[in-house]
Protein chains: 2
Amino acid sequence: MEGVDKEKVQRIIYEMSKGSKYFENEKRKEAFIKQKIESLRAQRAKLTEKDISHFQMIVNKRILELDGSRDLSKIWLHTDMDAFYAAVETLENPLLKGKPLAVGGMSMICTASYEARKYGVRAAMPGFIARKLCPELIFVPTNFGKYTYYSEKTRNVFSKYDPDYIATSLDEAYLEITEICKQRSISSEEVAAELRNTIYQETGLTCSVGVAPNRMLAKFEFQLVEIGYTDLIALYWNIPVCSDINKPNGQFILPNDRDAVMTFISSLPIRKVGGIGKVTEQILREVLGISTCTEILQKGALLHALFSHCSTGWYFRY
Amino acid sequence: MEGVDKEKVQRIIYEMSKGSKYFENEKRKEAFIKQKIESLRAQRAKLTEKDISHFQMIVNKRILELDGSRDLSKIWLHTDMDAFYAAVETLENPLLKGKPLAVGGMSMICTASYEARKYGVRAAMPGFIARKLCPELIFVPTNFGKYTYYSEKTRNVFSKYDPDYIATSLDEAYLEITEICKQRSISSEEVAAELRNTIYQETGLTCSVGVAPNRMLAKFEFQLVEIGYTDLIALYWNIPVCSDINKPNGQFILPNDRDAVMTFISSLPIRKVGGIGKVTEQILREVLGISTCTEILQKGALLHALFSHCSTGWYFRY
DNA sequence: ACACAAATA
DNA sequence: TACTTATTTGTGT
DNA sequence: CGCCAGAAC
DNA sequence: TACTGTTCTGGCG
Ligand SMILES: Nc1ncnc2c1ncn2[C@H]1C[C@H](O)[C@@H](COP(=O)(O)OP(=O)(O)OP(=O)(O)O)O1
Ligand SMILES: Nc1ncnc2c1ncn2[C@H]1C[C@H](O)[C@@H](COP(=O)(O)OP(=O)(O)OP(=O)(O)O)O1
Ligand SMILES: [Mg+2]
Ligand SMILES: [Mg+2]
Ligand SMILES: [Mg+2]
Ligand SMILES: [Mg+2]
């Protein structure tokens with residue numbers, strides 16, 4: 001994000017949190033994770049070369065399998081409204097336009113306008129800290145009803161492009177647009193641009209859109225299909241770019257092409273991958289020195305050795 | 001309550017509320033009730049003398065019936081902890097003792113210590129108004145777990161006096177002590193005093209206790225029994241009196257005697273009766289000029305004429 | 001099968 | 001004064 | 001019966 | 001900045 005003084009933000013958050021019950025609890029948790037990391041390090045140290053090459057073989061086979069089963073024949077589109085709750089509030093009270101705005105109260109805020117984000121204000125941040133970061137921050141209490149109302153409006157649009165669209169929250173959904181592209185013989189870029197425009201016409205709200213090829217259809221884990229897309233696509237729209245402006249109100253298209261996918265993925269920090277959060281990131285980094293997706297492939301054997309074999313599922317994503 | 005400047009309190013509440021969304025909504029409701037009252041007044045004006053004497057007969061019969069079915073053979077005891085949540089918090093952090101204390105946050109407080117009540121601070125009052133009333137007010141967030149814990153402790157005591165005690169909230173319960181009084185041949189006063197003492201020993205918390213005769217056992221409305229007691233008893237402990245000090249940490253005994261009950265009840269403001277709240281009080285007062293329980297009996301015919309015949313149930317209480 | 005932690009919006 | 005809530009998924013017993 | 005308002009803690 | 005959440009009951013269509 002442009003122009004956020006991360007240094008200062010972190011300092012203020014620390015100053016405000018220090019000593020609180022919440023803070024103490026966080027420290028407790030951190031300690032517990034450190035311990036878990038130590039234990040994993042010990043396990044890794046015990047692995048022999050033989051163990052590793054053994055696992056490497058298993059992993060190689062699994063990767064080949066998955067690579068082969070990759071399905072590039074569908075086109076999936078992901079949409080996510082920009083600063084959704086805040087955008088709705090601004091729409092209903094235009095005086096708020098352009099102002100740093102937080103939705104929520106002094107105890108917790110659910111989201112913040114992009115103006116507020118410049119100050120480091122974020123979703124899931126307590127309001128009283130946010131106000132320290134940005135004293136002129138305006139607070140609006142949350143009105144769940146409104147957001148549902150506008151969410152329905154966007155969904156009406158979605159259903160015109162894919163009647164079976166998959167909504168994953170009030171403000172985002174996945175659409176399979178393979179058919180639409182074929183029928184109207186237009187590119188996915190054009191569909192994306194049109195969709196964004198329609199949504200804006202219908203609701204006055206902007207959204208960001210990502211388009212990507214899909215992944216293997218339910219092999220045994222039927223619902224994992226969707227997850228396969230989720231990850232990829234969620235990433236795409238994290239990248240600014242495309243015909244339009246920068247981050248909010250933008251779109252990004254990844255071609256249905258193996259090389260494009262691999263190139264795109266390989267340099268991604270793992271933290272961006274869906275399902276890898278603060279804790280998992282820390283564990284992978286401090287135990288195996290893994291930070292990017294390429295490294296996941298490189299150290300596949302170690303991962304397979306140290307983590308539950310269900311985590312092999314992580315490989316679903318490339 | 002001693003030494004509360006009601007004038008000032010009301011003024012401050014008004015100043016703080018004025019203009020808020022909450023306030024506007026209250027006004028809307030008020031208007032609606034006014035309208036209802038008008039409608040009832042009109043109905044009353046239409047009643048002929050004949051109508052009234054007709055209803056009077058029905059009502060007289062009903063009253064006689066209920067008077068006859070009154071059961072004075074049982075002894076019921078009602079307990080209610082003093083400033084429960086606040087007392088628990090004070091117990092766990094003695095620094096708070098003697099200080100004006102509110103349990104809750106700036107948006108809402110659940111209860112206040114008696115010190116705070118002197119300033120007009122009350123349960124169900126938003127914290128930011130309470131703080132205006134009493135700037136040195138200390139806020140403690142609610143810890144439902146703690147209250148449940150201490151509630152269980154009190155209930156252990158209750159069960160020794162009546163294994164079938166009826167708990168109606170974390171901090172109050174009804175006990176049938178007829179048997180205990182007989183078995184140990186002690187008066188209900190003695191049981192009450194002993195119970196209060198035991199609870200204090202076990203928990204360090206004080207409570208107020210009321211004792212009263214009971215009412216007809218389920219005639220057709222099986223569960224109404226309990227309600228019959230509820231009203232009476234809830235009233236008793238509203239009256240300071242008895243061997244001990246004044247309001248908190250006190251007890252009051254009403255003898256099992258028809259005259260005593262009638263005398264006690266007759267002068268009570270109806271608002272004190274369970275089930276009659278702000279709205280019903282206003283309606284009865286502004287439509288029929290009823291303010292005390294005696295007047296309810298006097299105007300029984302009108303009540304019967306104007307209100308749903310199930311409201312006849314109000315007569316259950318005398 | 002279940003309770004618990006992690007991740008996400 | 002004040003650090004959410006609902007939901008889904010994986011892990012370890 | 002389901003929905004809403006009033007009441008209570 | 002900010003006016004609860006839960007449970008029960010009676011009225012009403
Ligand atoms: N941690 C949270 N707790 C509660 N509600 C949240 C949380 N995070 C997000 N929300 C709500 C408010 C958001 O407007 C809405 C959509 O989330 P999300 O798409 O992640 O952010 P956003 O739409 O506000 O901004 P943007 O997508 O532009 O980054 O869900
Ligand atoms: N309106 C309310 N909203 C939420 N919780 C409440 C409310 N009123 C009371 N409580 C909680 C907090 C109280 O400590 C507890 C018992 O209520 P109650 O007996 O009426 O008052 P109290 O025990 O705090 O004081 P006291 O009984 O001495 O008047 O229930
Ligand atoms: Mg969004
Ligand atoms: Mg979203
Ligand atoms: Mg009490
Ligand atoms: Mg009580």
Side-chain angles (χ1 to χ4, degrees), chain A residues 13 16-17 20-23 25-26 29 32-33 36 80-81 84-85 102 104-111 123-131 137-142 144 147 168-172 223-224 227 230 234 271 273-281 283 307-308 310-311 313-314, chain B residues 13 16-17 20-23 25-26 29 32-33 36 80-81 84-85 102 104-111 123-131 137-142 144 147 168-172 221 223-224 227 230 234 271 273-281 283 307-308 310-311 313:
Chain A
I13 292 179
M16 297 293 292
S17 299
S20 72
K21 215 162 261 176
Y22 171 82
F23 190 73
N25 196 254
E26 289 299 290
K29 282 198 230 162
F32 189 78
I33 291 167
K36 198 161 161 184
D80 186 305
M81 306 305 292
F84 187 50
Y85 294 1
M106 287 314 273
S107 294
M108 183 51 55
I109 68 193
C110 283
T111 199
M125 175 180 276
F128 67 95
I129 294 183
R131 159 177 282 183
L137 186 61
I138 297 172
F139 286 83
V140 178
T142 82
F144 212 71
Y147 317 138
T168 56
S169 78
L170 280 187
D171 94 321
E172 63 191 279
Q223 58 178 340
L224 286 191
I227 295 184
T230 309
R271 178 59 217 266
V273 176
I276 298 191
K278 196 166 76 104
V279 173
T280 312
E281 176 194 26
I283 291 177
F307 300 98
S308 122
C310 176
S311 297
W314 295 127
Chain B
I13 292 179
M16 296 294 293
S17 299
S20 73
K21 215 163 261 177
Y22 171 82
F23 189 74
N25 195 252
E26 289 299 291
K29 282 198 231 162
F32 190 77
I33 291 168
K36 200 161 158 184
D80 187 304
M81 307 304 292
F84 187 49
Y85 294 1
M106 288 313 272
S107 295
M108 185 50 55
I109 67 192
C110 284
T111 199
M125 175 179 276
F128 66 94
I129 293 183
R131 159 177 284 181
L137 186 61
I138 298 172
F139 286 82
V140 178
T142 81
F144 211 70
Y147 317 138
T168 56
S169 77
L170 279 187
D171 93 321
E172 63 190 280
E221 304 285 355
Q223 57 177 342
L224 285 192
I227 296 185
T230 309
R271 178 56 214 266
V273 176
I276 299 191
K278 196 166 75 102
V279 173
T280 313
E281 179 196 24
I283 290 178
F307 300 99
S308 120
C310 178
S311 298

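Reckoned from all heavy atoms, side chains included, excluding hydrogens, waters and symmetry mates. Just so it is clear, the structure is predicted and the values come from calculations on it, not from any experiment. Chain identifiers are assigned alphabetically (A, B, ...) following the order of the sequence lines, protein sequences preceding nucleic acid strands; residue numbering begins at 1 within each chain.
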**Item:** Proximal nucleotide (of F:dA2, E:dC9, C:dA9) relative to the A:Glu172 side chain
**Value:** C:dA9

**Message:** Measuring from the side chain of A:Ile33 (C-beta onward, heavy atoms only), which nucleotide among D:dT1, C:dA6, F:dC3 has the closest atom?
**Reply:** C:dA6

**Asked** With a 4.0 Å cut-off on heavy atoms, is B:Ile129 in touch with a base, just the backbone sugar-phosphate, or nothing at all?
**Response** base

**Asked** Rounded to the Å, how far apart are A:Phe307 CZ and D:dG12 P?
**Response** 10 Å

**Prompt:** What nucleotide, of E:dC9, D:dC3, F:dA2, holds the atom closest to the side chain of B:Phe128?
**Reply:** F:dA2

**Prompt:** Would you say A:Ser169's side chain and A:Asp171's backbone share a donor-acceptor pair under 3.5 angstrom?
**Reply:** yes

**Request:** Classify the nucleic acid contact of A:Thr111 as base, sugar-phosphate or nothing, counting any heavy atom under 4.0 Å across all strands shown.
**Result:** nothing

**Shortest side-chain distance from B:Arg271, nucleotide among F:dA2, E:dA8, F:dT4** = E:dA8

**Asked** How close or far is atom C1' of F:dT1 from atom OH of B:Tyr22, stated in whole angstroms?
**Response** 17 Å

**Asked** Which atom pair, heavy atoms only, marks the closest approach of B:Lys36 to B:Ile283?
**Response** CE-CD1, 4.4 Å

**Prompt:** Just wondering, do A:Arg131 and A:Phe139 contact through their side chains at under 4.5 Å, heavy atoms?
**Reply:** yes

**Message:** Applying a 4.0 Å non-hydrogen cut-off, can you work out what A:Ala124 is touching in the nucleic acid: base, sugar-phosphate, or nothing?
**Reply:** base

**Prompt:** For B:Ile129 and B:Ser17, which heavy atoms make the closest approach, and how far apart are they?
**Reply:** CD1-OG, 3.8 Å

**Message:** In whole Å, measure the gap between the C1' atoms of F:dT4 and D:dT9 for me.
**Reply:** 33 Å

**Message:** So, under a plain 3.5 Å distance rule, would you say the side chain of B:Ser17 forms a donor-acceptor pair with the base of F:dC3?
**Reply:** yes

**Request:** Provide the distance between the two P atoms, one in D:dT4 and one in F:dG5, to the nearest whole Å.
**Result:** 15 Å

**Request:** Return the value, rounded to whole Å, for the distance between atom CZ of B:Phe144 and atom C1' of F:dT6.
**Result:** 9 Å

**Asked** Between A:Thr280 and C:dA7, does any side-chain N or O lie under 4.0 Å from OP1 or OP2?
**Response** yes

**Request:** Tell me which nucleotide among E:dA7, C:dA7, D:dT4 gets nearest to the side chain of A:Val279.
**Result:** C:dA7

**Complete:** Here the gap from A:Ile276 atom CD1 to A:Lys278 atom NZ, rounded to the nearest 0.5 Å, amounts to 15.5 Å

**Request:** With the side chain of A:Phe139 defined as its heavy atoms from C-beta on, choose the nearest nucleotide among D:dC3, F:dC3, F:dT1.
**Result:** F:dT1

**Item:** Gap in Å between the two P atoms, one belonging to D:dT5 and one to F:dT6, rounded
**Value:** 11 Å

**Message:** Just to be sure I understand the rule, does B:Lys21 reach a base, reach only the sugar-phosphate, or reach nothing, if contact means heavy atoms closer than 4.0 Å?
**Reply:** nothing

**Fill in**
Heavy-atom nearest pair, A:Pro141 first then A:Tyr147, reads O-OH, 4.0 Å

**Rounded interatomic separation in angstrom, taking CZ from B:Phe32 and C1' from F:dG11** = 12 Å

**Prompt:** In whole angstroms, how far is the P atom of D:dA2 from the CE atom of A:Met125?
**Reply:** 18 Å

**Asked** Atom CZ of B:Arg131 and atom C1' of F:dC3: how far apart are they, to the nearest Å?
**Response** 16 Å

**Request:** Determine the contact category for B:Lys278: base if any of its heavy atoms lies under 4.0 Å from a base atom, sugar-phosphate if only primed atoms, P, OP1 or OP2 are that close, otherwise nothing.
**Result:** sugar-phosphate

**Asked** Once you round it to whole Å, what is the distance between P of E:dC9 and CD1 of B:Ile109?
**Response** 16 Å

**Interatomic distance where CG belongs to B:Leu137 and C1' belongs to D:dA2 [whole Å]** = 15 Å

**Message:** Within the 4.0 Å heavy-atom criterion, would you say A:Asp171 contacts the bases, only the backbone, or no part of the nucleic acid?
**Reply:** sugar-phosphate

